Each structure stands twice: as C-alpha cells, then as structure tokens.
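No hydrogens, no waters, no symmetry mates; every other heavy atom, side chains included, goes into these values. All ligand and atom numbering here is 1-based and tracks the order in the structure. Keep in mind that this is a model prediction, so the values were computed, not measured.
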Amino acid sequence: MIEPTINRYSKNPILTKEDVPYRVATVHNAGAVKHDGKYILLFRSHLYNGRSIIGQARSTDGFRFEVNPEPFLTPDRSGPFAEYEEYGVEDCRICAMPGDSYLLTYSAYSRHGVRIMLARTTDFLSVEKIAAISQADMRNVVVFPQKFNDQYVRLDRPHTEISPWSIWISYSPDLIHWGNSRVIMKPQQYHWDEMKIGPGATPIRTDAGWIHIYHGVFSTMSGGVYRLGVALHDLEDPSKILGVADDWILQPEQPWEISGYVPNVVFSCGAIAEQDGTILLYWGGADSVMCVGTITASTLVQLCQENARGDLID
Ligand code: BMA
C-alpha cells in the first residue's frame, strides 16, 4: 500500500496576512509557477469588504516567500471587463504555455454571476487581460500547458447543480472561443468528494500521463469539508481518465486548515514539478493562509494506477 499523503512543510503556513504589505484579511488559493529560476505565487486575498484581489509573492527556494508591495491583479474599474469583475477576482491558475508566455485564468464575480477571465503575462511585472472565456456560471478553469491536435484544452467546472458540480473538458483553437465541452468526471456517491469536485492545479505532464490535483467537497452537519485528490489523464487524449485515486491526498488537519475564514478547507490552484520528480504542492488553509508540501510525481501516478476508484461517470 502506497502512503497517499503530502509531506507538509514544517514551517507552514508559509504566508499569512501579516506578510502582506497592504491591508488584506486573508492569503490563500495561489496559482504557482517557476519563472526565471524564481518560484511565483499569485494568491487570492479577501479585502475587508469581503471581495477578493490577487497578489504576488516570490521565492528562491519554493518555501520562503516575499510578497510584492502592490497587488498584481485587481478588478477593472473601467473598460469591457469592469462590469464582470465588480465583486472581485479569485483563484488564479497559471499555465506556462510554450510560446504563449504565461496564461492566467481566474474567476471574476459580478452581479451577473461568476465567469472565467483569461489574462497573460510574460514577466510577472505587467499583466494583460485578454477576454472573458466563459459565460456565467463557471469556475475553476485550468488550461493544459500544451496543445493537442492544434487545440488548446482546459478542464472547467460549471457552477451549477445541473451536472452536478462535475469536471468538464473543453477545446479551443485560439484560447478565446471554447466548445466541444463534455463531462469527464463526476463526484462519487458516499465518497469524500460526493458533494462536488472541481479542477485544482494546472495539470503536470509525466511519462505515465497528466497528473491533475483536484478538489472535492463532502457535506457534513457542520458544513462542507474541502479535500484534495488526484486523477491521471491520458497523455495524448486528456479527456480520457486513466485512473482516479480512491483516497484523498490531503485533508484539513492543521489548526490553520481547520479554522479560519472558512473552516475545514484545503484548496489548491497550483503545484510545481521539480526536475528530480518532486512536486511542490501549494494550498490555501481555511481560506486564510498559504501552505506548501511535497510528494513525488511517481507516488501520485501510482495512487491513480494501483488504488483507483471504480466508475468515474455513472
Ligand atoms: C469555493 C471557492 C474557493 C474556496 C472554497 C472554500 O467555492 O470559493 O475559492 O477556497 O469554496 O471556501
């Protein structure tokens, strides 16, 4: 039996609101990438009005981060996107697309619901907002860092009871227009992720397939519990799921994961694969702080292959 646990960093949490040089109530749910030898987090913060913005932190070792003096991405106040970002921007994922610099996908909230925005940066100094790439209601978009048959591919999660709360796949020739959407993974009944699931970290390529670390929610008498799990997608056809680990890989256990802005939450928007096969997984604890831990890519693959659950879609 493989031990399916993330090795938590002993000095978690790695970022709290005290580390942020501007006034915020939380630091959580960061997208992560390595750029020019530096580890970069684009994290979400609640302001004291309850709405969210996105800040940036940098590190030379992936564990000790320093936060930039100013926020990185905030709601537009004018222009075509302002109306759709009015209530805040959340949960940014980073995709290092070869030749396309870094694609950022984040949730924008407004009186019209939640939808996904696409932005781009080359240097993490400036950022260009490109387009709204979904209608309402849609959250949690991760783009695969490679094209398939000349198409961009993403995992997404309609924010609705209809499907319900399942992971879908969509395709695009130009990153703006998406279609051919279909559901590929559903919550499993009486499982740790039975209430809803959604894409988490940008998928990581291995020889055995794409590793996708996702989140799942279980409903309890005292609210939902957010945990993380892992799925393995086919290298050539990511709509094909080779296996989903039956057990969660991380659950709220430490005090700052159990209690905070929203209790009992571990939620990931980013992971970084090192050359030696180690994965640095970043997650928000209780929607309040940032944490990091490690696991090897081969362990995650093995969990999907050797301890896989049954039906993915019933
Ligand atoms: C989800 C999102 C996440 C958050 C989680 C737990 O719906 O809002 O950003 O971490 O709930 O509150």
Side-chain angles (χ1 to χ4, degrees), residues 12-17 24-32 41-47 49-55 73-75 84-94 104-110 113-117 134 136-142 155-168 187 192-202 213-220 222-229 248-254 256-271 281-292:
N12 277 343
I14 54 169
L15 284 177
T16 69
K17 64 178 180 174
V24 293
T26 64
V27 183
H28 62 297
N29 298 5
L41 296 182
L42 295 183
F43 59 83
R44 169 179 171 193
S45 286
H46 284 101
L47 301 174
N49 63 7
R51 296 181 179 174
S52 295
I53 59 169
I54 291 165
L73 218 159
T74 53
Y84 298 98
E85 296 189 338
E86 184 189 6
Y87 295 170
V89 291
E90 307 184 355
D91 296 5
C92 184
R93 274 75 171 191
I94 308 171
L104 312 179
T105 46
Y106 59 93
S107 305
Y109 273 83
S110 73
V114 56
R115 65 192 303 204
I116 296 298
M117 295 291 306
S134 79
D137 279 319
M138 183 75 81
R139 268 189 69 91
N140 298 313
V141 165
V142 298
L155 302 176
D156 46 44
R157 214 285 308 286
H159 200 62
T160 160
E161 301 286 344
I162 298 170
S163 55
W165 308 105
S166 305
I167 294 178
W168 290 57
W192 62 267
D193 62 4
E194 79 163 359
M195 184 186 165
K196 55 177 170 174
I197 57 174
T202 299
I213 296 169
Y214 70 100
H215 67 266
V217 188
F218 188 82
S219 176
T220 75
S222 58
V225 179
Y226 277 74
R227 299 185 173 94
L228 300 179
W248 65 72
I249 57 167
L250 192 75
Q251 71 156 347
E253 277 173 15
Q254 301 210 285
W256 46 85
E257 297 164 344
I258 291 169
S259 109
Y261 195 88
V262 179
N264 291 317
V265 176
V266 291
F267 193 98
S268 180
C269 295
L281 177 66
Y282 296 91
W283 66 89
D287 284 5
S288 298
V289 298
M290 275 308 299
C291 303
V292 63

Check your understanding: Considering all heavy atoms of both residues, which atom of H215 and which atom of N140 are nearest to each other, and what is their separation?
Key ->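 Shortest heavy-atom separation between H215 and N140 comes out as CE1-ND2, 3.6 Å.
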
Review point. For K196 and P187, which heavy atoms make the closest approach, and how far apart are they?
Key: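 Looking at all heavy atoms of both residues, the shortest contact is CA-CG, 4.0 Å.
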
Practice item. For Y84, enumerate each residue passing the ring pair (Phe, Tyr, Trp, His ring centres under 6.0 Å) test, keeping only those at least two apart in sequence or located in another chain. Key: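 Testing Y84 for ring pair (Phe, Tyr, Trp, His ring centres under 6.0 Å), a comparison that skips the adjacent residues, returns H112.
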
Check your understanding: Which protein residues have a heavy atom closer than 4.0 Å to any atom of ligand 1, listed by chain and number?
Key ->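 Within 4.0 Å of ligand 1, protein side: N29, R44, D91, R139, Y226, V262, V265, F267, D287.
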
Review point. Looking at the rings of W283 and H28, which for Trp means the six-membered one, are their centres under 6.0 Å apart?
Key: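 No: the rings miss the under 6.0 Å criterion.
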
Check your understanding: Is there a side-chain contact between F267 and D91 (heavy atoms, below 4.5 Å)?
Key ->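 They are in side-chain contact.
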
Review point. Going by the angle between their ring planes, with limits at 30° and 60°, are H159 and Y109 parallel, tilted or perpendicular?
Key: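 H159 and Y109: perpendicular rings.
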
